[in-house]
There are 2 protein chains.
Amino acid sequence: MLLKLDFSSDVPIYLQIRNQIVMGIAEGKLSPGEKLPTVRALAVESGINVMTVNKAYALLKQEGYILADRRSGAIINPDIAKPGFISDKTKNDLKLVISEIKLAGVSREELLNLCGQLYDETGETR
Amino acid sequence: MLLKLDFSSDVPIYLQIRNQIVMGIAEGKLSPGEKLPTVRALAVESGINVMTVNKAYALLKQEGYILADRRSGAIINPDIAKPGFISDKTKNDLKLVISEIKLAGVSREELLNLCGQLYDETGETR
DNA sequence: TTATTTGTATTATAATTAGTAATACAATAA
DNA sequence: TTATTGTATTACTAATTATAATACAAATAA
């Protein structure tokens, strides 16, 4: 697990860590169940603070990409085995928007139509 | 159009304005096409700065709830006539999440299933 | 037990962002 | 022209964010 951190970037360090781990999973460089380096190891190796690494891990944990506790350390969430996995955070974001739409008085069918349409016309992001 | 602003609230003033206008529309107190007070009128009446009102208007404009330009002043968007109206912002939020999900390798059917499920189990927000 | 290793809570600090405002401006209409 | 509209620029303060130093709690290994 080697990270390439750009300290002059305006993307915060903890986010760079988080992003590279997510991409590592997506590219298959990190496998579900695989052990991640300890927060301390990563911190020393990268010359940054433990809590900066922890912030990345906490975020990944909250998003459902990794599991982390005091005994076992951090591992890639085994449930991301197959493609089609939707993170907790993404699912939550979706739920929030759908709530708003429902409250706006949009019917179930209208919503599903819109979602399908957006799915079709959607390419890339970020 | 009378606004009730709470200056000791931790909801920023411009958001209070925005929210009360959105609710006003939802409750039928403000009709599509109806003229809104000028930024100056609202500012003086409420004892706040013009630009604070403008920030609310700019947000409402961006969200698609009102139309505003230099000639006509600001009016409620006539297209919000019927319930079921989805604001530009909401539509954009939805598009963003769906993009992420699509990129995660989720199929169209899976997405629609999830959306339907979330629609059903969703009650309130905020 | 004690020592060590894990993630995390607390606290601090510098930098950035957000909320509000004073003022000036551009476009339109009368 | 003059008055009215929304908006751009700028500034100032308060709140938030990113990072870090340090201490702690839970678990395991010795």
Side-chain angles (χ1 to χ4, degrees), chain A residues 1 3-22 30 33-78 88-89, chain B residues 1 3-22 30 33-78 88-89:
Chain A
M1 187 66 212
L3 293 180
K4 281 168 194 156
L5 300 181
D6 177 0
F7 292 95
S8 60
S9 164
D10 55 344
V11 177
I13 298 176
Y14 82 93
L15 251 191
Q16 293 187 39
I17 298 175
R18 177 267 179 195
N19 291 342
Q20 290 184 34
I21 289 180
V22 170
L30 292 171
E34 180 174 339
K35 220 170 175 325
L36 284 174
T38 71
V39 287
R40 258 159 267 256
L42 256 192
V44 170
E45 174 186 323
S46 309
I48 57 177
N49 191 274
V50 183
M51 290 312 290
T52 302
V53 179
N54 181 260
K55 188 159 187 177
Y57 276 28
L59 182 55
L60 289 162
K61 185 180 177 179
Q62 178 208 313
E63 294 177 327
Y65 288 116
I66 71 173
L67 307 180
D69 61 65
R70 248 183 295 254
R71 41 189 171 270
S72 46
I75 62 170
I76 309 288
N77 187 344
D88 291 354
K89 179 182 176 300
Chain B
M1 186 67 212
L3 293 181
K4 281 169 193 154
L5 300 182
D6 177 0
F7 292 96
S8 59
S9 163
D10 55 344
V11 178
I13 298 176
Y14 82 93
L15 250 191
Q16 294 186 40
I17 298 175
R18 178 266 180 196
N19 290 342
Q20 291 184 34
I21 289 180
V22 170
L30 293 172
E34 181 174 341
K35 220 170 173 327
L36 284 174
T38 70
V39 288
R40 257 160 270 252
L42 256 191
V44 170
E45 174 187 324
S46 308
I48 57 177
N49 192 274
V50 183
M51 289 313 290
T52 303
V53 179
N54 180 259
K55 188 158 186 178
Y57 277 27
L59 181 55
L60 289 162
K61 184 178 178 180
Q62 180 207 312
E63 294 177 326
Y65 288 115
I66 72 174
L67 306 179
D69 60 65
R70 248 182 294 252
R71 43 188 168 270
S72 46
I75 62 169
I76 308 289
N77 187 344
D88 292 353
K89 180 183 175 300

**Q** For B/T52 versus B/Y14, what's the shortest heavy-atom pair and its separation?
**A** O-CB, 3.5 Å

**Q** Starting at CG of B/L15 and ending at P of C/dG19, how long is that distance when rounded to a whole Å?
**A** 7 Å

**Q** Report the C-alpha separation of B/Q16 and B/K4 in whole Å, then their side-chain angles, then the decisive distance to 0.1 Å, and conclude whether the side-chain contact (heavy atoms from CB on, under 4.5 Å) test is met.
**A** CA-CA 8 Å; B/Q16 294 186 40; B/K4 281 169 193 154; over 6 Å; no

**Q** To the nearest angstrom, how far is A/L59 atom CG from D/dT19 atom P?
**A** 12 Å

**Q** Side chain of A/R40 only, please: which of D/dA23, C/dA21, C/dT10 is the nearest?
**A** D/dA23

**Q** Kindly point out which of C/dA21, D/dT19, D/dA20 is positioned nearest to the side chain of A/I13?
**A** D/dT19

**Q** In whole angstrom, what separates B/Q16's CD from C/dG19's P?
**A** 12 Å

**Q** Does C/dT20 have OP1 or OP2 under 4.0 Å away from a side-chain N or O of B/N49?
**A** no

**Q** Does B/R71 contact D/dG6 through a side-chain donor or acceptor facing the base, at a distance under 3.5 Å?
**A** no

**Q** Between C/dT5 atom C1' and A/D69 atom CG, what is the distance in whole Å?
**A** 13 Å

**Q** Ignoring backbone atoms, establish whether B/K55 has a side-chain N or O less than 4.0 Å from OP1 or OP2 of C/dG19.
**A** yes

**Q** Any side-chain heavy-atom pair from A/R18 and A/V22 closer than 4.5 angstrom?
**A** yes

**Q** Counting the atoms with a prime plus P, OP1 and OP2 as sugar-phosphate, which does B/N54 contact under 4.0 Å by heavy atoms, base, sugar-phosphate, or nothing?
**A** base

**Q** I need the CG-P distance between B/L42 and D/dT7, as an integer number of Å.
**A** 14 Å

**Q** Using atom CG of B/L67 as one end and atom C1' of D/dT7 as the other, report the distance to the nearest whole Å.
**A** 17 Å

**Q** Nearest-Å distance, NZ (A/K35) to P (C/dT5)?
**A** 13 Å

**Q** Nearest heavy-atom pair of A/G64 and A/D88: which atoms, and what distance?
**A** CA-OD2, 4.2 Å

**Q** Hey, is the side chain of A/R70 poking within less than 4.0 Å of OP1 or OP2 on C/dT6, counting only N and O atoms?
**A** no

**Q** Between D/dG6 atom P and B/Q62 atom CD, what is the distance in whole Å?
**A** 18 Å

**Q** Of all the nucleotides listed (C/dG7, D/dT7, D/dA20), which has the minimum atom distance to the side chain of B/M51?
**A** D/dT7

**Q** By the 4.0 Å heavy-atom rule, please label B/A58 as base, sugar-phosphate, or nothing.
**A** nothing

**Q** With a non-hydrogen cut-off below 4.0 angstrom, is A/K61 in contact with a base, only sugar-phosphate, or nothing?
**A** sugar-phosphate

**Q** Checking side-chain contact (heavy atoms from CB on, under 4.5 Å) between B/L67 and each of B/I75, B/L36, B/L60, which is the one that passes?
**A** B/I75

